[in-house]
Student: 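I have a structure I would like to understand better, so I am pasting it below and will then ask my questions one at a time.
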Amino acid sequence: MNDVPSPAPRRGRPKSLSDAHQQDRALGALRRVLAERGYAGTTMDMVAAAAGLSKKTLYALFDSKEKLFGALVDRHRASILDLPRPPSDRPLAEELAAIFRLDADPADVEERQAVMHLMLAEARRHAELLPVLSAHGPLTAEALLAEWLQREQERGRIAAGDPRDLAAILLGLVFGVLAPRPLAPAPMDLSVRRRMALLAIDVFLKGAEARGGAG
């Protein structure tokens, strides 16, 4: 009987992690290193080491520290504003509550606030980060929300009006009550802020919802 040869052992490195997984590791590492050393004291080498990635891999994902910071802003924006998203026939109030992630876990809300404070503090110290923070944060958030509002206008669920103006008003109303107030005599409970955010959405829709619309 002929012996069947054993398969040759596999050579080389095991299959690498996906780009999305590697990016997530890099951004988590950046958040940790920024908190410890600040933007000026953070290097790409430090982030690569903290993420367990090679420098070559990190630079293939983000070719500069500024791009990496911008991606951190993108991830934070997505954590507080669930856009873009597919069309839905849910009532507009429910859809907007989901877009603003009002059902987020308290621990996630606390982490989001910590990341926001960290990014704002570093942008105040380093003027070159201000346009990065603005472009990847509020400007993109406003553009994405305006696109959603325009689509709902086309579906007859939101009344006519400049979608960018409506987006700016809605963002101001909702984030105005969700954001912690540093000068307040006592921190506002998260449940109270969520209730006020729902009220802000209701106030917006009373003015912006199409009369007789499906929402």
Side-chain angles (χ1 to χ4, degrees), residues 17 19-84 99-102 104-146 164 167-168 170-188 190 193-194 197:
L17 299 172
D19 283 353
H21 192 174
Q22 291 175 334
Q23 289 170 358
D24 191 61
R25 287 173 59 169
L27 294 174
L30 175 63
R31 187 253 187 272
R32 296 191 300 274
V33 178
L34 276 178
E36 293 175 1
R37 296 180 175 271
Y39 187 78
T42 295
T43 67
M44 294 288 276
D45 286 5
M46 291 175 185
V47 174
L53 301 173
S54 69
K55 289 187 288 184
K56 181 179 179 180
T57 296
L58 181 61
Y59 275 100
L61 297 169
F62 308 101
D63 60 16
S64 69
K65 189 169 67 168
E66 185 176 293
K67 293 283 183 63
L68 187 57
F69 184 84
L72 183 65
V73 181
D74 285 333
R75 186 170 78 164
H76 178 267
R77 186 197 66 249
S79 76
I80 63 176
L81 196 72
D82 187 11
L83 287 173
I99 285 173
F100 284 99
R101 300 187 182 274
L102 297 186
D105 182 86
D108 291 336
V109 173
E110 185 176 344
E111 170 62 13
R112 290 180 338 199
Q113 292 172 355
V115 173
M116 174 55 77
H117 291 157
L118 176 63
M119 295 188 304
L120 284 173
E122 293 305 320
R124 291 188 185 107
R125 295 188 190 103
H126 304 282
E128 70 273 19
L129 295 182
L130 286 172
V132 178
L133 183 60
S134 179
H136 290 261
L139 292 181
T140 298
E142 185 177 301
L144 290 172
L145 186 55
R164 292 297 293 253
L170 181 54
L171 287 168
L173 285 170
V174 177
F175 287 140
V177 297
L178 285 178
R181 302 177 183 181
L183 300 180
M188 189 182 297
L190 177 59
R193 282 185 275 142
R194 283 174 170 163

Student: Of all the heavy-atom pairs spanning Ala107 and Asp105, show the shortest one and how long it is.
Tutor: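 Smallest heavy-atom distance, with atoms named: N-OD2, 2.9 Å.
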Student: Applying side-chain contact (heavy atoms from CB on, under 4.5 Å) between Leu27 and each of Val47, Leu72, Asp74, report the one that passes.
Tutor: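 Per the side-chain contact (heavy atoms from CB on, under 4.5 Å) rule, the option paired with Leu27 is Leu72, out of Val47, Leu72, Asp74.
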Student: Return the NE2 to CG distance between His126 and Leu133, rounded to the nearest 0.5 Å.
Tutor: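 The CG atom of Leu133 is 13.0 Å from NE2 of His126, to the nearest 0.5 Å.
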Student: List in chain and number order the residues that pass salt bridge (charged side-chain N to carboxylate O under 4.0 Å, His left out) with Lys65, two or more places apart in sequence or in another chain; answer none if no residue qualifies.
Tutor: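 Scan of Lys65 (salt bridge (charged side-chain N to carboxylate O under 4.0 Å, His left out), adjacent residues dropped) gives none.
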Student: Kindly say whether Ala78 contributes a backbone atom to a donor-acceptor pair with the side chain of Arg101 at under 3.5 angstrom?
Tutor: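 Yes; at least one donor-acceptor contact below 3.5 Å.
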Student: Could you grab the distance from atom CG of Leu34 to atom CG of Leu68, nearest 0.5 Å is fine?
Tutor: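 One finds 8.0 Å between CG of Leu34 and CG of Leu68.
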Student: Does Arg77 use its side chain to pair, donor to acceptor, with the backbone of His136 at less than 3.5 Å?
Tutor: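 Between the backbone of His136 and the side chain of Arg77 there is a qualifying donor-acceptor contact (under 3.5 Å).
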Student: So does Ala51 get a backbone contact from the side chain of Arg25, meaning a donor-acceptor N/O pair under 3.5 Å?
Tutor: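 Judged by distance alone, yes, a pair lies under 3.5 Å.
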Student: Check Lys56, Lys67, Gln22 against Leu61 for a side-chain contact (heavy atoms from CB on, under 4.5 Å) and give me the one that passes.
Tutor: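 Result for side-chain contact (heavy atoms from CB on, under 4.5 Å) with Leu61: Gln22.
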Student: Can you measure from CG (Leu120) to CG (Leu129) and round to the nearest 0.5 angstrom?
Tutor: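 Output value for this atom pair is 11.0 Å.
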Student: Output the distance between atom CG (Leu145) and atom CG (Leu171), rounded to the nearest 0.5 Å.
Tutor: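 It comes to 5.0 Å.
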Student: What I'd like to find out is whether the side chain of Glu142 reaches to under 4.5 Å of the side chain of Arg164, using heavy atoms alone.
Tutor: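 They are in side-chain contact.
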Student: Do Phe100 and Ile80 touch side chain to side chain, with heavy atoms closer than 4.5 Å?
Tutor: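 No. Closest side-chain heavy atoms not under 4.5 Å.
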Student: Could you report the tightest heavy-atom contact between Pro84 and Leu144, atom names first, then the distance?
Tutor: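 Closest pair (atom of Pro84, atom of Leu144, distance): CD-CD2, 4.1 Å.
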Student: For Pro131, is there any backbone N or O sitting under 3.5 Å from a side-chain donor or acceptor partner on Ser134?
Tutor: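 Side chain of Ser134 to backbone of Pro131, a donor-acceptor pair under 3.5 Å: no, none is there.
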Student: Between Phe62 and Phe69, is the ring centre distance below 6.0 Å?
Tutor: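 No - the distance between ring centres of Phe62 and Phe69 does not fall below the 6.0 Å cut-off.
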Student: What's the spacing between Gln23 CD and Leu53 CG if we round to 0.5 Å?
Tutor: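 Rounded to the nearest 0.5 Å, the CD-CG separation comes to 10.5 Å.
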Student: Rounded to the nearest 0.5 Å, what separation is found between the CG atom of Leu190 and the CG atom of Leu178?
Tutor: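 Interatomic distance, Leu190 CG to Leu178 CG, rounded to 0.5 Å: 8.0 Å.
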Student: Which pairs with one or both residues in residues 106-117 pass salt bridge (charged side-chain N to carboxylate O under 4.0 Å, His left out), sequence neighbours excluded?
Tutor: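 Sorted pair list: Arg31-Glu111.
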